[in-house]
Structures are given as structure tokens and as C-alpha cells.
Protein chains: 2
Amino acid sequence: MKVTIYDVAKEANVSIATVSKVINNNGRISEKTRRKVKEIMLELDYRPNMIASALMGKQTKTIGLLIPDFSNPFFSELAKSIEDRGHELDYNLVICNTDYDPEKESNYLSLLKQKQVDGFILASGFENLDEVEQQIVDDIPIVIVARDFPMFSVNAVALDDFMGGYLAAEYLIELGHENIGVVARDLYSNRERLRGFNYVLEEKGLKLNTNFQYIKEADHIKAGRKMMEIYSDSEHRPTAIFACNDLLAAGVIQYAKEIGLRVPEDLSIIGFDNTSIASIIEPGLTTIAQPIQGMGKEVMDLIISIIKGEREDKSRITMLPSLVKRNSTKKLMKEN
Amino acid sequence: MKVTIYDVAKEANVSIATVSKVINNNGRISEKTRRKVKEIMLELDYRPNMIASALMGKQTKTIGLLIPDFSNPFFSELAKSIEDRGHELDYNLVICNTDYDPEKESNYLSLLKQKQVDGFILASGFENLDEVEQQIVDDIPIVIVARDFPMFSVNAVALDDFMGGYLAAEYLIELGHENIGVVARDLYSNRERLRGFNYVLEEKGLKLNTNFQYIKEADHIKAGRKMMEIYSDSEHRPTAIFACNDLLAAGVIQYAKEIGLRVPEDLSIIGFDNTSIASIIEPGLTTIAQPIQGMGKEVMDLIISIIKGEREDKSRITMLPSLVKRNSTKKLMKEN
DNA sequence: TTGAAAGCGGTACCAC
DNA sequence: GTGGTACCGCTTTCAA
């Protein structure tokens, strides 16, 4: 049978109250009994049952992480960095894959609430924030990561997506491109990137390639391919593409090569995220880097400080993207 | 305040015992009271506190998953498939990234035991199985996945690694290659793959390229590059490489291209796992496919049946690999 | 400084 | 059928 606080108490000739105090390091205990009890705990290899203490209102040291899609390296790398920080701080993660499905999202939310997680980190879709607001009303600590919602009062660690799009456009234009296509999903973050992108274009008196449309496909590689197909079939094929994540960019590159376009000579491509695939594919992908490590750490630190009640006010931490140049982009050669 | 079983009982004018029976669908209850109670539960939006019932010995419906490295697509895809099946069966996953670190492994194991997870799925290193054996003694359900330990009596869902290596060798030899290099880590699974590989070589009277050595580097891409560097610097450069996972293969391809080798014309490469990166990189990677989806489902089903006490005996489910041909391999052109 | 006892929110046995 | 009640293992107040 598992050893409980009673076993320790009996063995040490003290009450369970006393044992509890030495476990939690509080209350007045003589140095002598404290040592004695500690000794017995070691001897019996006693591990407090966290379930029992959670029932008394203590924390479960467990946080729910909702992720839309594990198989996207951006999210798995983000999850890894969050988990890393959690491990340092002694928190575990219940990870849920939501497939961008609102129903799954709210199922998980209520299920994990039943399991008394200390808080939630949402990296998920949640285009509809009603559900989230409800949770906030219920006073569960929540932090949103990698997704910004300027219109809501939620704690968040987000990327400056506008700036990301801005950087991408700026660079492509600097390279001389004027006919540029975008590949994006109809998500808030992507819309922001697009907005930043268009901002620069307008500044320069340029316009987005008219074939632009939001992709629907769930499989990003395929979606990238498909969108590139649309662009390449059009009369005025873009000389450069800005893809709103690395996976989309990979799809674009694949298709471009298949139809005989050289990257970057015939087509420059810039991605977003700077996940591991950016350096795996060929040519190396120029991309807008998200500080994934940093975001993971920040979001974990933020939620824990909220759980511990260390902050009253809501915070929004905005991280800045940066341009990582590799070989998928090149100065446009004027054909004349 | 959260609504408890007492609130429901009071509101429905019954005892908590009755409510409990309704919740768990057991005991004799009149249809009338059952309906009444259910109605009240809905009305009050009552959610049983799983912590409390866990304390009474019921399951937590939570399983610990130990993974060595999230950022390896094989593991993130495996985790995803396990999570998927868990979701269907109403189990959550606490996912832990162990970085192949034995200390982290045992930390997590004991921590999650304190949290009363119903069982463990280990996809982790655990070259040293002492720890695992200890847990088995403690009677915690454990299943090992993607790692076989023929010498231990543990439940497992594993791949036939020997056969994987066998298939790889067979194919390369069929293509006419005779000087073949291997890239592998010193892990049980990799050793098995190598053994299967060598088995075929010997059959054909061939021998592994003498520059073979186990890689040490944690970063698989880099490790692949480094190993390819060793092979290419040697006098008798192999005409084909068998890399024990797709990431290693990607590294090999990168380096090969950088030094001007054409893949597959000058060098054929075959990977292992058939993760998403096999179709992302260029050329598409010929690889030995692991049935990741299937393994995820099997391992989840297996652990749950153990948890439910539906099986007495230990089982070892062996899944079979298959060869997926893409463009990184080619018939050897005899130079004469 | 220590310990008795009242919970926390359920489950399950046993009377009625 | 239904309800009283003793737990599960721990925390916390309060008295001694």
C-alpha cells in the first residue's frame, strides 16, 4: 500500500498535523521534530498525495495547454519551450490538440476545469472569444499566446504581427519586387501580418497581386501548393511570395520547383515563424522569426505569476519579430 | 462558489448518495428521481470534481506521456496520434519532454505518480530500464512505445526495427549499391535497425562502410551533416546512406548537396520514420515508414485496457514498417 | 510547539 | 429505492 501522512506520523510519533507542517515548511516546529520527521519521510520514501492537497484548495501544479496543431513545427516548438520552462518551475502541462475546432476547445476547457488545472495557456484558434471570456468570468487564470486580441481584455503574450508583415514587405521591396503575392489563412494573426504588409506596399504605391485569397485547406503544405498554382496560372505571375508561415512557404517552394521555376532566381519566397523547417528545406528559407523560446518562457512566467496572485492587472506582452535572411530571396533582375 | 454535489442534492431534495448514483449510473434509482436530479445538474451546470473522486480511488483519466524530444517530428506526430486516440476515449495526456535525460525521466515518473496519473506511456530513452522495472513493481500501468526491449517483460507497442533495417538494405542492394554507410545513434532501436541492415549485407557478402560510428550529437540535423562529412572525406565514399531517422537523413542530404554531390545521382539516401519532413525536403526522401497513427492508437488502447484491468498478461504488439519510395534513391550507375 | 478535529467533494457500503 | 455515514489523504484552525 502507498505510504501516507499517517504512516509517517505514526512512525515519527507525532500527529499528522505536525507532519503536514514540516512538509509545507510552515507553522512553528522545533528543529528536533522537524529533523526527525524529515528523516522518517525519507526512510519511508513518502510522497505527499497531490490529489488530496488539491482537494483542500491547493494548486495542482498543472496547466492546460491548448494547441491547434501539433504537427505544425511552430506549435510543437512552442509547446516544447513552454514545457521546458514549466519543468524548471515545477509545473506540468496537459497538452490538448484542438485541430482549430471550437467544439474541442470548449470541451477541453471544461474538462480540464473539472480536473482543477491551475490555469490555461491558449495557443489555439479561438477566433470566437466568447468561450474564453466565460472562463475569465469564472476567474480561471488564462493567458493567450501567439495570438493577439487587441479588442479583448485578456492576458497575452503575442507577436507584433503587423511588424512581421511590415518587415517582410520592406525586404521584398528592397530587393526590387513589385508584383508580390501573399499566402495566408483567415486568422487574426494572418490578417495582421497582411495589414502590415499592405501598409508598406501602399507607402510605395504598390498593390498586392490581385489573385490573393485566403486559403482554406487544413494541410498547410497542400494549401501552399494550391495557392502557388493559382498565382502561377495567372497572367501576371508574382516575382515574390510572402507566406504567412514556414509550412505554407514550403508548399509554395515545392510547387514552384515542380513547374520549373527556380527559387530564388525566378521567384523569391519569404516565410514566417523561423521553425526548424526553414533551415531544412532547400533553398534555406528567408523568414520572419518569432522568438519561440522567449514566448514560451514569457507565457509560462506570466501565467504562474497570475496563478500566484502576483498581478492584479491584465498584461499584454508583445514580442518583436525579426528578419532572418537565407537563400529563398534574391534581388529582382529586371528583364529589359 | 463552485457548485458541488451537496448543492445538487439540496436543490433536488435528495441525498448526496442519490446524486452520486445518478452521476455514475449505478445503484437502484427510480426513473423519476433520476430525471429530476439530472435536470437540476443541468440547471446548476454541475460538474463533478474529478479530484475528489480520484481521491476515493477512482481514475484521474489522465495518462503521463514521456517523450524524449518534441522537436523531432516523429515524436510530435506520435504524440499527436496518441492524444487523438486519448481524446476519443476521454483521456488527457500530461506530456513531458525528457531530452533523453534519465534524471528527468525518473523525476517525471515520480512526480506524475504523485499526481495519480492512471498510467504511463513511455516513448522515451530509458536505455536503463531499472527505473521502469521499479514502477512495474509498484504496479503502475506502463506501456512502452516505439522502443522494444525483448529482454524485459513490459507491455509494449513497438516497430519491428530489424525488419526496417532489412527493408532498407534490401532496397539499396537491389539498386546496385555495394558501398553503403549508415548513420545511427547508439539506441536499442537503432542497433536493431543496423542489425537488420547488416543481416542483408552479409547475406550478399557485403560489408558496411568501415567509417561507420554511432553519432553522439543531440541535434540530429547537425549529426547527419557531420557523419556525412566523415563519409565523404574517406577514401571510399559510400554511394548510398541509410540514416536511422528522417532528420538525420535531412542532415546528410544537406551536407551532400553542399559539397556538390547530387542526390540521388551521386548519392542515394534512405531515411526512417516517414515523418512529414520526408516529403518536405528535396528530393523527396525514400524512407522506411513507421505506422505512426496506428502505433498511437494501439498504445493508447493497450494502456487503457491495462488500466481497466482487462488484461492479465503482458503484451507486445509489433507493428511492421514499410518502404516508401521517393526520389532520394536511384539505381547505381556503374562507372566503367 | 504540538495535536484534535473539521472539512475539501466525492464514493460505496449498509440500513431502512 | 433512498439516505446515513465512514472514509480517501491532506490542510488548517484552534485549544491545550
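Just so it is clear, the values below take in all heavy atoms, side chains as well, and ignore hydrogens, waters and symmetry mates.
At whole-Å resolution of the value, CZ in Arg28(A) and P in dC14(D) are 14 Å apart. Remark: P of dC10(D) and CG of Asn26(A) are 15 Å apart, rounded to the nearest angstrom. When rounded to the nearest whole Å, the span between CE of Met50(B) and C1' of dT11(C) equals 14 Å. A straight line from CG of Asn25(B) to C1' of dA12(C) spans 16 Å, rounded to a whole angstrom. Rounded to an integer number of Å, the gap from CD1 of Ile5(B) to C1' of dT11(C) is 8 Å. Tyr46(A) has its OH atom 10 Å from the P atom of dG9(D), to the nearest Å. The separation between Lys10(B) atom NZ and dG3(D) atom P is 15 Å, rounded to whole Å. Atom NZ in Lys2(A) sits about 18 Å away from atom C1' in dC7(D), given to the nearest Å.
Glu88(B) has a carboxylate O that lies under 4.0 Å from a charged side-chain N of Arg85(B), or vice versa, which qualifies the two as a salt bridge. Ion pairing of Arg311(B) with Asp313(B) is absent here, as no side-chain N (NZ or NE/NH1/NH2) approaches a carboxylate O to less than 4.0 Å. Under the 4.0 Å criterion applied to side-chain N and carboxylate O atoms, Glu77(A) and Lys80(A) are not assigned as salt-bridge partners.
The 12-atom threshold is exceeded at NZ of Lys104(A), counting heavy atoms of other residues, nucleotides or ligands nearer than 6.0 Å.
The side chain of Ser20(A) places an N or O atom within less than 4.0 Å of a non-bridging phosphate oxygen (OP1 or OP2) of dT11(D). Taking only side-chain nitrogens and oxygens, Asn49(A) never comes nearer than 4.0 Å to OP1 or OP2 of dC8(D). Between Thr33(A) and the phosphate of dT1(C), there is no side-chain N or O to OP1/OP2 separation shorter than 4.0 Å. Between Thr18(B) and dG1(D), a side-chain N or O to OP1/OP2 separation shorter than 4.0 Å is absent. When the side-chain nitrogen and oxygen atoms of Thr4(A) are compared with OP1 and OP2 of dG9(D), none of them lie within a distance under 4.0 Å.
Val14(B) comes within 4.0 angstrom of sugar-phosphate atoms only, judged by non-hydrogen atoms across all strands, and of no base. Nucleic acid contact class of Arg47(B) (heavy atoms, under 4.0 Å, all strands): sugar-phosphate only.
DNA chain C is contacted by both Lys21(B) and Ile51(B); Ile51(B) maps to the nucleotide lying nearer its 5′ end (nearest heavy atom per residue). Nucleotides of DNA chain C nearest to Glu31(A) and Tyr6(A) differ in position, and the one nearer the 5' end is that of Glu31(A).
Closest approach to the Ile16(A) side chain among dG3(C), dG3(D), dC10(D) is made by dC10(D) (side chain taken as heavy atoms from C-beta onward).
Classified by interplanar angle (parallel below 30°, tilted 30° to 60°, perpendicular above 60°), the ring pair Tyr100(B)/Phe75(B) is perpendicular.
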